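Just below is one structure, and these are the notes that go with it.
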Amino acid sequence: MLDIRLIREQPDFVKEGLRKVGADPALVDQVIELDARRRTLETEASSLRAQRNAGSKEIGRLKDEAEREARKAEMRAIGDRIASIEVDLKAAEADQQNLLLNIPNLPLPEVPYGADERENVVIKTVGEPRAFDFEPKPHWEIGAALGILDIERGTKLSGSRFYVLKGQGAALQRALISFMLDLHIRKHGYTEVYPPAVVKEHCLVGTGNLPKFGDNLYRDIEDDLWLVPTAEVPVTNLHREEILDASDLPIKYVAYSPCFRRERMSAGRDVRGIKRGHQFDKVEMVKLCTPETSRAELDSLIADAEDVCRALEMPYRVVQMCTGDLSFVSAIKFDLELWAPACGDEGGEWLEVSSCACFTDFQARRAGIRYRPEPGARPEFVHTINGSGLALPRTLIAVLENYQNADGSVTIPEAVRPYMGGVERICAG
RNA sequence: GGAGAGAUGGCUGAGUGGUCGAAAGCGGCCGCCUGCUAAGCGGUUGUGGGGGUGUUAAGCUCCCACCCCGGGUUCGAAUCCCGGUCUCUCCGCCA
């Protein structure tokens with residue numbers, strides 16, 4: 001959510017930002033209009049309440065019965081006026097809030113301008129795709145042949161976009177999760193969190209998934225709860241409606257969680273293999289920090305995510321999103337992509353395994369996460385940052401495809417072997 | 001799932017219709033005092049919104065809302081009534 005004061009005081013600046021991300025700048029004028037109406041009603045209601053408060057206090061002191069009754073009638077009339085203004089005021093507040101919740105974040109000045117994903121910028125590419133002396137197979141063939149991936153039975157259980165990992169396949173995924181968690185906890189200084197995978201609506205409003213993107217979420221209507229699409233949601237909301245001490249910042253959390261997405265908008269896309277499922281696992285890093293440090297904290301979070309790619313010894317690249325491809329909540333965003341040599345239509349594909357972004361105070365304002373810069377100072381909103389470290393099925397895909405051997409076996413990356421009980425390769429049978 | 005108790009400021013905890021944004025204590029901050037520390041003394045200490053003044057600053061000032069949330073009664077609600085959420089205790093069930 002944008003600061004209404006910023007919109008009010010620098011409407012042209014906000015419009016320019018909205019234009020860059022492809023949003024309608026007219027939203028600014030709409031919000032300003034609603035805000036003016038809201039403030040008029042607010043002023044009116046508050047002065048009437050002041051009158052009633054003063055009048056009511058007086059009634060308490062009056063002794064003359066007739067005088068009291070006269071005063072009561074007067075106050076009753078004011079009360080009626082207040083009630084009717086309050087109806088309008090509540091509506092105005094709701095309208096304004098509603099509109100504000102649907103306005104995207106503004107891009108940082110450094111974000112390259114572009115209309116859509118075609119104008120994203122590859123920042124760097126690390127590692128060389130391996131030269132195969134045989135035709136590399138896609139992961140769904142490798143997995144099926146090794147008996148570690150069963151897409152048919154996943155579909156039998158739960159429908160399309162579900163799969164089952166078995167034996168060493170399941171073990172490998174579990175090993176990757178443990179490996180990543182330990183790396184971030186021990187080497188990068190994150191605190192591990194195990195959050196609920198089911199949350200209340202306000203958490204999703206806090207992170208910006210609602211009200212706009214509800215159709216990508218699974219929901220339990222019975223208890224009015226939602227399945228999380230990422231651990232970002234519960235972890236960011238950990239400190240919702242809190243005022244943190246400046247000395248507590250930055251807060252660095254890493255969480256493993258299952259993620260659930262309906263993927264209705266991507267029907268027909270990525271149908272082959274396990275690249276895009278309704279349920280997947282992810283290790284997610286979340287930071288809360290001061291505005292002054294957020295840009296540097298984003299860079300270090302990206303470095304932490306990259307460290308996973310490096311440790312797994314697979315080619316990867318970092319892509320910066322242009323203004324037109326930023327998400328609703330991001331002010332700046334970088335994707336990490338692992339190379340998968342046999343995915344895609346023609347000989348390999350970069351798989352998005354992490355999306356690292358700074359949300360400035362956009363989420364913090366929605367979730368009410370503040371900090372006190374100095375003892376006694378006015379609270380300010382923190383900046384939130386997050387990124388995967390990394391997303392699981394895709395990392396698994398990359399391992400299977402990059403580390404496959406001519407005989408159909410898959411070598412386990414060295415860094416993961418301790419988490420696989422020392423197993424060095426997965427073989428058929 | 002059944003029965004009961006409760007939810008007040010950073011914390012503990014008073015307050016049952018007006019003078020309560022809320023006693024007291026603790027903690028925090030500022031100052032005084034004191035070889036140092038501790039103790040002591042004085043002051044101060046919630047959040048949000050709106051108006052005025054001011055350079056769309058700092059500051060000053062006035063008002064409103066908030067005692068879990070949402071309704072209701074009343075001239076007036078932390079206080080009374082209804083609904084909800086959460087916590088605790090006991091019973092049942094259970095990985």
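In what follows, every heavy atom counts, from backbone to side chain, and hydrogens, waters and symmetry copies are set aside. Proteins get letters first, then strands, A, B, ... in listed order; numbering begins at 1 in each. All of these numbers come straight from a predicted model, not from anything done at the bench.
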Between R71(A) and E58(A), does any NZ, NE, NH1 or NH2 come within less than 4.0 Å of an OD or OE carboxylate oxygen?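 A salt bridge links E58(A) with R71(A).
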
Between D64(A) and R68(A) (salt bridge meaning N to carboxylate O under 4.0 Å), is one present in this structure?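 Salt bridge between D64(A) and R68(A), a charged N being under 4.0 Å from a carboxylate O: no.
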
Would you mind pulling out the nucleotide paired to [N], Watson-Crick or G-U wobble, both distances under 3.5 Å?
{"N": "rG76(B)", "result": "none"}
{"N": "rU89(B)", "result": "rA3(B)"}
{"N": "rG42(B)", "result": "rC30(B)"}
{"N": "rC60(B)", "result": "rG52(B)"}
{"N": "rC67(B)", "result": "none"}
{"N": "rA95(B)", "result": "none"}
{"N": "rG21(B)", "result": "none"}
{"N": "rU16(B)", "result": "none"}

Given atom [atom1] of [X] and atom [atom2] of [N], what is their separation to the nearest angstrom?
{"X": "R372(A)", "N": "rG27(B)", "atom1": "CZ", "atom2": "P", "value": "19 Å"}
{"X": "Q51(A)", "N": "rC64(B)", "atom1": "CD", "atom2": "C1'", "value": "13 Å"}
{"X": "E93(A)", "N": "rG50(B)", "atom1": "CD", "atom2": "C1'", "value": "11 Å"}
{"X": "I85(A)", "N": "rC64(B)", "atom1": "CD1", "atom2": "P", "value": "15 Å"}
{"X": "Y371(A)", "N": "rU47(B)", "atom1": "OH", "atom2": "P", "value": "15 Å"}
{"X": "I78(A)", "N": "rC64(B)", "atom1": "CD1", "atom2": "C1'", "value": "15 Å"}
{"X": "L225(A)", "N": "rC86(B)", "atom1": "CG", "atom2": "C1'", "value": "14 Å"}
{"X": "Q97(A)", "N": "rG49(B)", "atom1": "CD", "atom2": "P", "value": "12 Å"}

Mind checking the [atom1] distance from [N] to [M]? Whole angstroms is fine.
{"N": "rG18(B)", "M": "rA77(B)", "atom1": "P", "value": "11 Å"}
{"N": "rG9(B)", "M": "rA5(B)", "atom1": "C1'", "value": "24 Å"}
{"N": "rG28(B)", "M": "rA39(B)", "atom1": "P", "value": "10 Å"}
{"N": "rC29(B)", "M": "rU89(B)", "atom1": "P", "value": "35 Å"}
{"N": "rG59(B)", "M": "rU37(B)", "atom1": "P", "value": "32 Å"}
{"N": "rG4(B)", "M": "rC62(B)", "atom1": "P", "value": "50 Å"}
{"N": "rU8(B)", "M": "rU79(B)", "atom1": "P", "value": "14 Å"}
{"N": "rC11(B)", "M": "rG46(B)", "atom1": "P", "value": "14 Å"}

Using the side-chain hydrogen bond (donor to acceptor under 3.5 Å, both in side chains) rule, collect all pairs that involve [range], keeping only residues at least two apart or in two chains.
{"range": "residues 42-55 of chain A", "answer": "R49(A)-E86(A)"}
{"range": "residues 393-402 of chain A", "answer": "H139(A)-E401(A)"}
{"range": "residues 365-376 of chain A", "answer": "D361(A)-R365(A)"}

With no hydrogens and no angle check, do the side chains of K333(A) and S327(A) hold a donor and an acceptor under 3.5 Å apart?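 K333(A) vs S327(A): no donor-acceptor pair found between side chains.
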
Under a 3.5 Å cutoff, is there a donor and acceptor pairing between the side chains of S388(A) and E284(A)?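 Present: a donor and an acceptor within the cut-off.
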
R370(A) side chain near rG48(B) phosphate (N/O to OP1/OP2, under 4.0 Å):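 Affirmative; the distance criterion is met.
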
Verify the contact: side-chain N or O of R38(A) to OP1 or OP2 of rG49(B), cut-off strictly under 4.0 Å; return yes or no.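 It does not, given that no N or O in the side chain of R38(A) lies less than 4.0 Å from OP1 or OP2 of rG49(B).
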
Any residue of residues 203-210 of chain A with a heavy atom less than 4.0 Å from an atom of RNA chain B: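 Residues of residues 203-210 of chain A under 4.0 Å from RNA chain B: none.
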
Check ring-ring contact (aromatic ring centres under 6.0 Å, His included) between F162(A) and all other residues, then give those that pass, not counting sequence neighbours.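 ring-ring contact (aromatic ring centres under 6.0 Å, His included) check on F162(A) returns H278(A).
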
Please identify each residue that fulfils ring-ring contact (aromatic ring centres under 6.0 Å, His included) with F362(A), with sequence neighbours left out.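 Scan of F362(A) (ring-ring contact (aromatic ring centres under 6.0 Å, His included), adjacent residues dropped) gives F328(A).
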
Pairs under 3.5 Å (N/O, protein and nucleotides 51-61 of chain B):
residue : atom : partner : partner atom : Å
rG51(B) : OP1  : R39(A)  : NH1          : 3.4

For D3(A), give me all partners under side-chain hydrogen bond (donor to acceptor under 3.5 Å, both in side chains), at least two apart in sequence or on another chain.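 Result, side-chain hydrogen bond (donor to acceptor under 3.5 Å, both in side chains) vs D3(A): none returned.
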
Does the plane of the ring in Y190(A) sit parallel, tilted or perpendicular to the ring in H188(A)? Use 30° and 60° as the thresholds.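 Because their plane-to-plane angle is over 60°, the rings of Y190(A) and H188(A) count as perpendicular.
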
Side chain to side chain contact (heavy atoms under 4.5 Å, CB included) partners for E33(A), two or more places apart: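 With sequence neighbours excluded, E33(A) shows a side chain to side chain contact (heavy atoms under 4.5 Å, CB included) to no residue whatsoever.
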
Would you please name every residue forming a side chain to side chain contact (heavy atoms under 4.5 Å, CB included) with L227(A), sequence neighbours left out?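 If we apply the side chain to side chain contact (heavy atoms under 4.5 Å, CB included) test to L227(A), skipping adjacent residues, the hits are V198(A), Y218(A), F260(A).
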
Along RNA chain B (nearest heavy atom to each residue), the more 5'-positioned of R49(A) and R378(A):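 Closest to the 5' end, via its nearest nucleotide, is R378(A).
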
Which residue lies more 5' along RNA chain B, comparing K200(A) with A45(A) via nearest heavy atoms: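 Comparing both residues, the 5'-ward one is A45(A).
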
For every nucleotide of nucleotides 70-78 of chain B, 5' to 3': is a protein heavy atom under 4.0 Å from its base (B), only from its sugar-phosphate (S), or from neither (-)? -S---BS--

Sequence neighbours excluded, every pair satisfying salt bridge (charged side-chain N to carboxylate O under 4.0 Å, His left out) that has a member inside residues 287-309 of chain A: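 Output for this query lists E110(A)-R295(A), K124(A)-E306(A), K187(A)-D307(A), K287(A)-E297(A), R295(A)-D299(A), E306(A)-R310(A), D307(A)-R310(A).
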
